[in-house]
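Input: a single structure, listed below in structure tokens.
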Amino acid sequence: MSFGKGARLHLIDGSAYIFRAYHALPPLTRKSDGLPVGAVAGFSNMLWKYILDQQGSEAPTHVAVIFDHSSKTFRNAIYPEYKANRPDLPEDLQPQFPLTRDATRAFNIACIETEGYEADDIIAALACKARDAGGQVTIVSSDKDLMQLIGNGVTMLDPMKNKLIGPDEVIEKFGVGPDRVVDVQALAGDSVDNVPGAPGIGIKTAAQLINEYGDLETLLARAGEIKQPKRRQTLIDNAEQIRISKRLVELDCDTPLDFTLESLEVKEPEAEALLKFLSEMEFRTLTNRVAEKLGAEAPAVVSAPPSDAPAAPEQPGIDTSLYQNTTDRAALDQWIADIRNIGYVAIDTETTSLDEMQAELVGISLSTAPGMATYIPVGHVAGGDDLFGQTQRVDGQMDLAEVLAALKPVLEDPAILKIGQNLKYDWKILARHGITMAPIADTMLMSYALNAGTHNHGMDELAERYLGHKTIPIKDLIGSGKSQINFGQVSLDKAGRYAAEDADVTLRLYQHFAPMLPTERVTTVYQTLERPMVPVLGQMEMSGIRIDGDTLKRMSNAFAQKMAQLEDEIYELAGEKFNVGSPKQLGEILFEKMGMAGGKQGKTGAFSTSADVLEDLAVEHDLPARVLDWRQIAKLKSTYTDALPTYVNPDTGRVHTSYSIAGAQTGRLASTDPNLQNIPVRSEEGRRIREAFVATPGHKLVSLDYSQIELRILAHVADIPALKQAFRDGVDIHAMTASQMFNVPVEGMDPMIRRQAKAINFGVIYGISGFGLSRNLRIPRAEAQAFIDTYFQRFPEIRAYMDRTVEDAKRDGSVRTLFGRRINTPGINQSGPAAGGARRAAINAPIQGAAADIIRRAMIRMPDAIAHLPAKMLLQVHDELVFEVEDGAVDDLINVARDVMENAAEPAVKLSVPLVVDAGQGMNWAEAH
DNA sequence: GCCCTCACG
DNA sequence: GACGTACGTGAGGGCT
């Protein structure tokens with residue numbers, strides 16, 4: 001078909017796709033040969049999504065993907081420094097460029113690049129040509145440099161947000177219409193492309209000037225009339241540079257094209273060629289999706305390495321032929337003999353629930369060598385669909401008590417190592433049956449010591465990564481959702497294969513990780529900070545904490561009433577009923593119906609209604625103020641007063657949280673089901689929820705928490721004399737900071753000043769930025785930046801520490817705490833926005849991590865230290881430990897526990913600042929804290 | 001299953 | 001090339 005009226009041409013900015021894809025995805029490699037393909041994968045996915053999105057009546061008639069050509073362009077002749085400050089391409093991206101061209105052709109889309117021109121030039125020329133021929137043009141890109149082309153039948157489409165960009169959006173961004181965009185860009189310059197522009201003039205000022213004078217040439221001609229002296233001089237001095245800048249950003253229609261518009265006609269993908277490409281790339285999921293859509297058979301995606309491939313990692317595959325269920329005493333005794341002989345065993349328990357405090361043990365699997373594994377079923381019942389809900393025990397199983405009695409000596413034998421994955425789970429299950437497993441090894445914790453920051457440490461992930469083995473998904477056995485059954489209802493056959501595999505995989509992981517601990521220098525971390533946490537946390541979790549359900553119930557009722565009342569007021573103010581809990585509906589009411597200013601839309605196009613935003617609005621309006629009140633109460637009710645009682649264990653009458661040891665990247669614990677590390681305390685109303693965490697009669701709750709532990713660690717590791725001395729003198733650290741920064745005496749200090757210093761102190765720990773501090777303190781960004789500059793001036797050691805830490809991270813790919821804990825920093829050498837986050841995380845990790853190490857050390861020593869007291873350690877909240885202790889022993893407990901906590905760093909590390917622990921006690925957690 | 005919001009250190 | 005932007009978490013409700 002000839003190109004003319006009615007034709008719709010889509011021009012896809014291929015290079016933008018590639019960079020998006022590259023930065024959005026982890027560095028994937030092709031399994032068979034290690035070829036980096038992450039960007040190609042993302043690129044292909046985006047193209048496929050684009051094709052699916054363009055199926056309607058507005059579908060394009062012509063389409064092309066345009067790429068930058070990897071050579072200098074004519075712009076470098078105009079200005080040699082053009083794009084000179086671009087960082088080098090990542091090593092693993094370069095080889096993917098040709099593959100993205102292959103991908104484009106595989107999708108049967110025209111693929112265009114021209115020596116000496118940027119993609120933008122070709123897009124401009126094509127857009128002009130198509131427009132002149134009477135067609136409609138859509139540029140699929142969000143690149144602001146292309147916005148000058150908008151208008152007269154040319155629009156842009158942001159592929160990520162699937163949002164059209166027209167003249168209005170251009171005005172929003174540049175303050176001028178598309179025809180004046182280049183003028184603004186010429187003035188403002190562009191640091192990314194190294195377009196110089198006029199120094200000191202940004203987009204805002206540029207738009208203002210252009211709007212005032214009409215266009216760039218008029219402005220430059222009449223620059224002498226500008227009132228502001230500095231601005232006037234800048235324009236006069238830099239006129240030539242500004243004109244060069246304009247030529248750099250300007251796109252014209254004259255780029256030579258050696259093909260016709262007709263040749264870009266949309267063609268259906270050819271299933272065979274496309275699927276061949278995708279399967280060769282080994283994109284399993286996409287291959288299957290595309291095959292399904294095109295109604296073709298997906299070719300098998302094989303990733304077997306070519307026979308002559310050199311360093312391809314060995315992928316043994318797991319031979320399951322020797323797995324066998326153990327169902328009689330003789331067979332069990334044989335296994336026990338083998339275990340005693342070899343001195344270790346990998347073990348896994350299968351139960352009816354993920355809640356260790358309620359789970360029923362239904363089987364145990366053991367492994368003594370790769371491929372050598374067994375499952376001992378003890379509690380399986382006939383299928384779950386029995387009409388009368390009766391459970392019929394399945395034949396061919398040993399008696400639970402007999403099995404446990406036979407295994408107990410082995411599991412408690414100090415000469416036999418018990419290896420598990422997330423062994424705290426199994427440790428607790430067995431503890432409930434009177435077996436205290438020791439000694440132990442935990443592959444999850446080994447991976448955590450080695451790989452924190454790189455990936456998570458669940459068995460499925462570890463098996464795939466390190467053994468090249470996909471484990472049987474639990475869903476295949478128990479299903480999911482409503483029809484889910486428990487493991488006890490799984491057939492012995494299936495259960496045996498699954499359970500034996502788990503033990504087998506665990507043993508293989510152990511053999512993989514064990515030799516790496518010393519070579520990676522994390523043995524001490526694993527042995528002193530990870531492994532010992534298993535019995536300590538197991539015991540704490542089993543102890544649980546008592547909760548007063550009646551108090552919570554009363555609070556819930558009061559909250560419900562208050563919410564109803566607020567809802568009435570809110571509806572009245574809004575003039576209609578709506579769901580106050582829906583940010584979407586609320587945003588529409590506030591910013592559309594009521595027309596309040598300050599509506600900011602996020603990437604999903606929804607208005608933000610966060611507390612920040614509502615607080616600003618609440619200054620002038622009642623409705624947002626009411627919503628804030630409602631939100632606070634709704635949160636307290638749903639997350640705490642309503643939810644907590646559902647976690648009370650019917651047998652113990654207490655709440656048993658679960659701590660993940662390897663959940664957080666920094667060494668902190670995380671609490672789940674329920675999370676008892678985020679019980680309210682900051683607001684008066686919220687704090688009352690802590691009144692429902694109560695001591696058993698005759699007991700008290702005691703809370704001990706480290707004072708300013710992270711700042712103390714910072715003072716030590718960054719070696720800041722002023723800070724260290726302040727901690728030794730026991731002075732108010734934030735007041736001291738304020739005094740040093742603003743040259744004011746500590747006596748009679750304005751609380752506002754102290755508050756600002758406090759915010760900066762915290763900011764430093766988090767890898768401070770002017771933006772963040774300004775938002776936190778609600779002050780102008782420049783002011784915040786000035787604070788930070790002053791701070792660094794007064795405490796130059798902090799800057800040095802930050803620089804040093806980032807350098808370490810870049811060099812080693814990881815940072816370490818004082819105690820040797822390694823936190824990997826895989827994103828640190830990236831460029832772009834992710835780098836900022838990675839940098840701050842790297843700065844924070846050694847500080848947060850060392851604090852986590854210290855409280856771990858205290859917790860590990862605690863059980864022995866308080867063994868002589870009628871006291872139990874119940875909870876950890878990052879820098880706080882909560883105990884339950886008999887009334888008469890409160891003071892003793894405080895003395896002992898404080899001593900353990902304050903000296904927890906030693907002897908491994910001798911801190912140059914004291915650690916200080918504050919203590920409180922009471923009938924409930926609110927009083928104790 | 002993702003997003004938004006908000007609770008904690 | 002734009003994107004967000006103080007670090008680390010988990011949970012509940014809305015919405016697709």
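Only heavy atoms go into these numbers, but all of them, side chains included; no hydrogens, no water, no symmetry mates. Keep in mind the model is a prediction, meaning the values are calculated, not measured. Labels below follow one simple rule: chain letters A, B, ... track the order of the sequence lines, proteins then strands, and each chain is numbered from 1.
- Comparing the C1' positions of B:dT5 and C:dA2 gives an interatomic distance of 25 Å, to the nearest angstrom.
- In this model, no side-chain donor or acceptor of A:Q677 finds a partner on the base of B:dC8 within 3.5 Å.
- In this structure, A:T609 reaches the sugar-phosphate backbone alone: every heavy-atom distance under 4.0 Å involves primed, P, OP1 or OP2 atoms, never a base.
- At a threshold of 4.0 angstrom between heavy atoms, the contacts of A:D193 are confined to the sugar-phosphate backbone, with no base atom among them.
- Taking the six-membered ring where the residue is Trp, A:Y448 and A:H457 present perpendicular rings, their angle passing 60° and hence far from 30°.
- Ranked by how close their nearest DNA chain C nucleotide is to the 5' end, A:D158 and A:G767 are led by A:D158.
- Between the base of C:dG4 and the side chain of A:R775 there is no donor-acceptor pair shorter than 3.5 Å.
- For B:dC4 and C:dC3, the P atoms lie 15 Å apart once the distance is rounded to whole Å.
- When distances are taken from the side chain of A:A841 to each of B:dT5, B:dG9, C:dG8, the shortest belongs to C:dG8.
- The residue A:A759 sits close to a base: some heavy atom pair falls under 4.0 Å.
- Between the CG atom of A:L590 and the P atom of B:dT5 there is a distance of 11 Å, rounded to whole Å.
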Its contact letters, B for base, S for sugar-phosphate only and - for none at protein heavy atoms under 4.0 Å, make nucleotides 10-16 of chain C read BBSSSSS
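- Residues in residues 844-858 of chain A take part in these side chain to side chain donor-acceptor pair (under 3.5 Å) pairs, two or more places apart or across chains: A:E530-A:R856, A:T666-A:Q848, A:T817-A:D853, A:R821-A:D853, A:N844-A:Q848.
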Return one dot-bracket line describing DNA chain C 5' to 3' (Watson-Crick or G-U wobble pairs, both distances under 3.5 Å; ( ) same strand, [ ] crossing, | another strand, . none).
......|||||||||.
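- For A:R688, the CZ atom counts as loosely surrounded, since its 6.0 Å shell holds 12 or fewer non-hydrogen atoms of other residues, nucleotides or ligands.
- Heavy atoms of A:R631 sit under 4.0 angstrom from primed sugar atoms or phosphate atoms, though from no base atom.
- Among the protein residues, A:A634 comes within range of no part of the nucleic acid, since none of its heavy atoms lies under 4.0 Å from any strand.
- Closest to the side chain of A:P680, out of C:dA6, C:dA2, B:dC8, is B:dC8.
- Distance noted for atom P between C:dG4 and B:dA7: 24 Å (whole Å).
- Taking every side-chain heavy atom of A:S142 into account, C:dA2 is the closest of C:dA2, C:dG8, C:dA6.
- With salt bridges taken as basic N to acidic carboxylate O contacts below 4.0 Å, one links A:K49 and A:D53.
- Rounded to whole Å, the distance from CZ on A:R690 to C1' on B:dA7 is 10 Å.
- Across all strands, A:I765 comes closer than 4.0 Å to no nucleic acid atom at all (heavy-atom distances).
- Rounded to a whole Å, the CG atom of A:L644 is 15 Å from the P atom of B:dA7.
- Going from the C1' atom of B:dC2 to that of C:dA6 covers 25 Å, rounded to whole Å.
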Would A:E541 and A:T657 count as a side-chain hydrogen bond (donor to acceptor under 3.5 Å, both in side chains) if you check the C-alpha gap in whole Å, the side-chain angles of each, and the deciding distance to 0.1 Å?
CA-CA 6 Å; A:E541 294 170 13; A:T657 184; over 6 Å; no
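- Nucleic acid contact for A:F19: none, since no nucleic acid atom lies under 4.0 Å from a heavy atom of the residue.
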Check the pair A:L586 / A:V580 against side-chain contact (heavy atoms from CB on, under 4.5 Å), numbers first and verdict last.
CA-CA 6 Å; A:L586 176 64; A:V580 184; 5.5 Å; no
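- Across all strands shown, A:E880 has no heavy atoms under 4.0 Å from either base or sugar-phosphate atoms.
- If you take OG1 on A:T454 and CG on A:N824, they are separated by 3.5 Å, rounding to the nearest 0.5 Å.
- The ring of A:Y791 has its center closer than 6.0 angstrom to the ring center of A:F795.
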